Amino acid sequence: MGVLAPSDTSDHNVERPNVFGVRHFQSILLFFGMCFGYFLRVNISAAIVPMTQPTADQPFYEWDPAKKSLILSSFFWGYVACQMPASLMAKRFGGKLVLGISTCVGSILTILNPLIADKGDWVFVCVIRVLIGFTQGTVYPCTHTLLAKWVPRQERGFLSCIVYSGAEFGTALLLAISGSIFDSEMGWPGIFYITGAIGIVWSLVFLIFGADSPRNTKFISEAEKKYIECSTGSDNQQINAAVPWKTILTSACVYGLTAAHAGYTWGFYTLLNEIPTYMANVLHFNVKTNALLSALPYFVMWILCIVVSPIADTLINRNITSVTASRKIFNTIGQWVPMVCLIGLGYMTEDQKTPAIILLTIGVGLNAASFCGYLVNHMDLSPNFAGLLMGITNTVSNLLSICTPLVVGAIVVDEEDPNEWRIVFFITAGVYLICNGLFLIFGKATVQPWNNVNNSVSTSTSLSNDTESVPTANTDSHP
């Protein structure tokens with residue numbers, strides 16, 4: 001083992017603050033940022049049904065399934081294009097500024113969505129969704145950059161999952177209330193006005209109270225600051241350190257992580273975008289009931305995020321499993337159990353509404369286990385470049401997300417034909433099978449040598465070995 005730097009050896013001796021701290025407050029801010037960010041991306045998935053159904057007092061548009069698929073897909077065109085620029089900007093300017101400003105801009109564009117739909121054609125709706133996707137492309141790289149500075153290793157699973165569970169909470173909440181919004185005087189345009197306004201308010205709050213790191217806030221105690229910096233290694237990070245592109249892009253564990261991320265994203269967005277249509281046209285629920293039942297799986301997923309993450313941390317902190325084993329176990333639960341549920345869902349009919357909802361709820365809900373798998377693995381591999389790694393894996397995974405609505409649009413010609421939906425579910429199950437299999441083969445959860453390539457030798461060695469030796473952050477020192 002190398003010589004440990006003072007800031008790293010202190011990790012063994014620094015007492016963990018037991019009170020509610022600034023790290024928890026920052027996590028709550030990011031939770032709501034994730035929640036409201038998903039408002040901006042999910043609103044079109046909920047609104048696409050009433051937007052294309054004739055009603056007496058609301059505008060509607062005669063968009064065929066192919067056009068609707070392009071509209072749902074267009075968000076990801078901008079989203080993917082922003083991943084790498086966002087990760088580099090977050091590294092250069094800090095995640096707070098980039099995330100706060102981009103969310104505000106996306107919220108303003110969201111408010112304009114009904115006007116664009118009314119004055120233009122579906123092509124113009126695609127354009128504004130591309131722009132909103134571009135602003136939302138900052139969310140994951142910036143959040144990962146911030147979490148790498150704020151979340152101690154001992155609490156990585158729990159606090160990270162709390163933050164990212166905001167995606168499920170936001171999805172579930174919006175789907176649940178969407179039926180009431182559609183029935184109100186505002187009609188379907190209301191969902192864009194409400195979500196846009198909320199996004200603007202959050203952006204202002206975050207820009208005022210958010211912080212890039214413990215060093216950037218005056219509200220934190222010295223004890224908590226020392227605890228966080230010693231545990232994350234953020235006191236050793238060089239903000240402008242050169243990126244070791246070659247070693248990152250030739251790392252097998254990065255490819256395993258990318259596969260796991262791609263599998264989750266394909267499944268999540270296929271279900272997110274298609275559940276309302278599937279339930280309306282195959283299971284024949286009305287729009288209001290459809291909204292509530294579409295939300296149920298995501299409420300379950302949010303609850304399971306909170307339940308599963310402390311279990312994963314406990315297994316690691318008590319040396320019951322290594323970090324790598326834990327990541328693989330939970331990622332497998334989060335992808336292969338839903339795989340089985342989706343296959344069963346493909347054989348459900350209108351007469352089997354209850355079993356279909358149960359399978360759908362289990363399949364989507366248990367995706368939560370993946371949050372203790374691939375989602376925190378970027379920080380396991382490289383705390384210094386966690387945001388950049390997220391930019392890489394999120395770019396690849398969301399390139400596939402562009403394809404998911406297009407694949408569904410090509411397969412599901414008759415939206416009331418359960419046989420066509422069965423094909424969609426089998427394809428998604430196959431993606432889960434292959435992607436998690438690659439993660440099981442190539443995945444790791446140890447700090448990689450290139451994490452500290454631009455730091456001093458002693459610091460680089462200390463951080464790598466420190467991760468191996470800290471009991472509460474156990475890695476692969478045992479099977």
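Scope of the values below: all heavy atoms of this structure, side chains included, with no hydrogens, waters or symmetry mates. As the structure is a computational prediction, the values presented were derived from the model and not from experiment.
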[X] vs [Y] side-chain heavy atoms within contact, under 4.5 Å:
X: Ile411; Y: Ile427; result: yes
X: Trp245; Y: Ile392; result: yes
X: Val125; Y: Trp63; result: yes
X: Gln335; Y: Ser370; result: yes
X: Leu30; Y: Leu99; result: yes
X: Phe36; Y: Leu173; result: no
X: Arg327; Y: Phe439; result: yes
X: Thr361; Y: Ile357; result: yes

Quiz prompt | Distance-only polar pair, side chains of Asp121 and Tyr61, donor-acceptor under 3.5 Å | solution =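 Their side chains do not contain a donor-acceptor pair, so the 3.5 Å distance test is not met.
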
Quiz item: Between Asn317 and Asp313, is any side-chain donor less than 3.5 angstrom from a side-chain acceptor?
Solution: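 Absent: no donor and acceptor within the cut-off.
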
Using modelled atom types and a 3.5 Å cut-off, is there a donor and acceptor pairing between side-chain atoms of [X] and backbone atoms of [Y]?
X: Ser87; Y: Gly391; answer: no
X: Gln83; Y: Gly137; answer: yes
X: Asn377; Y: Gly373; answer: no
X: Asn436; Y: Tyr432; answer: no
X: Ser178; Y: Leu175; answer: yes
X: Thr143; Y: Tyr140; answer: no
X: Lys91; Y: Gly387; answer: no
X: Asn367; Y: Gly334; answer: yes
X: Thr324; Y: Lys444; answer: no
X: Asn451; Y: Leu381; answer: no

Parallel, tilted or perpendicular for [X] and [Y], by the 30°/60° rule?
X: Trp450; Y: Phe385; answer: tilted
X: Phe169; Y: Phe299; answer: perpendicular
X: Tyr79; Y: Phe76; answer: perpendicular

Practice problem: Please assess Leu159 against Leu147 for the test side-chain contact (heavy atoms from CB on, under 4.5 Å), listing each intermediate value before the final yes or no. | Solution: CA-CA 9 Å; Leu159 288 181; Leu147 288 177; 5.8 Å; no

Rounded distance [0.5 Å steps], [atom1] in [X] versus [atom2] in [Y]:
X: Tyr193; Y: Leu112; atom1: OH; atom2: CG; value: 9.0 Å
X: Met89; Y: Cys142; atom1: CE; atom2: SG; value: 7.0 Å
X: Cys104; Y: Leu109; atom1: SG; atom2: CG; value: 10.0 Å
X: Phe330; Y: Thr321; atom1: CZ; atom2: OG1; value: 7.0 Å
X: Ile44; Y: Trp188; atom1: CD1; atom2: CH2; value: 8.0 Å
X: Ile198; Y: Cys35; atom1: CD1; atom2: SG; value: 8.0 Å

Measure across [X] and [Y] and return the closest heavy-atom pair with its distance rounded to 0.1 Å.
X: Pro114; Y: Ile111; answer: CD-O, 3.4 Å
X: Ala259; Y: Cys435; answer: O-CB, 3.0 Å
X: Leu40; Y: Thr195; answer: CD2-O, 3.7 Å
X: Val413; Y: Ala410; answer: CG2-O, 3.9 Å
X: Leu342; Y: Ala429; answer: CD1-N, 4.5 Å
X: Pro418; Y: Val282; answer: CB-CG1, 4.3 Å

Quiz item: Tyr374: what forms a ring pair (Phe, Tyr, Trp, His ring centres under 6.0 Å) with it, not counting sequence neighbours?
Solution: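 Tyr374: ring pair (Phe, Tyr, Trp, His ring centres under 6.0 Å) contacts with His261, Tyr264.
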
Quiz item: Under 6.0 Å from the six-membered ring centre of Tyr38 and within 45° of its axis: does the NZ or CZ of Arg41 meet both?
Solution: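 Judged by the rule (NZ or CZ under 6.0 Å from the ring centre, within 45° of its axis), Arg41 counts as positioned above Tyr38.
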
Quiz item: Among all residues two or more places apart in sequence or in another chain, which pass the side-chain hydrogen bond (donor to acceptor under 3.5 Å, both in side chains) test with Ser102?
Solution: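 If we apply the side-chain hydrogen bond (donor to acceptor under 3.5 Å, both in side chains) test to Ser102, skipping adjacent residues, the hits are Thr138.
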
Quiz item: How far apart are the C-alpha atoms of Leu440 and Trp336, what are their side-chain angles, what is the distance that settles it, and do they pass the side-chain contact (heavy atoms from CB on, under 4.5 Å) test?
Solution: CA-CA 12 Å; Leu440 291 177; Trp336 281 3; 3.7 Å; yes

Quiz prompt | Partner of Ser160 by side chain to side chain contact (heavy atoms under 4.5 Å, CB included), out of Glu155, Met379, His144 | solution =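 Only one of Glu155, Met379, His144 forms a side chain to side chain contact (heavy atoms under 4.5 Å, CB included) with Ser160, namely Met379.
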
Quiz item: Does His24 have its ring centroid less than 6.0 Å away from the ring centroid of Phe31?
Solution: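 Distance test on ring centres: not under 6.0 Å, no.
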
Exercise. Determine whether the aromatic ring centres of Phe268 and Tyr298 lie less than 6.0 Å apart.
Key: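 Aromatic pair counts; centres sit under 6.0 Å.
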
Exercise. Would you list the pairs meeting salt bridge (Lys or Arg N to Asp or Glu O under 4.0 Å) in which at least one residue belongs to residues 387-415, sequence neighbours left out?
Key: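 For residues 387-415, and leaving out neighbouring residues, the salt bridge (Lys or Arg N to Asp or Glu O under 4.0 Å) pairs sorted by first residue read Lys68-Glu415.
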
Quiz prompt | Test side-chain contact (heavy atoms from CB on, under 4.5 Å) applied to Val412 and Asp417, step by step | solution = CA-CA 8 Å; Val412 182; Asp417 186 352; over 6 Å; no

Quiz item: Please walk me through it: do Trp122 and Ile71 pass side-chain contact (heavy atoms from CB on, under 4.5 Å)?
Solution: CA-CA 7 Å; Trp122 65 274; Ile71 291 171; 4.0 Å; yes

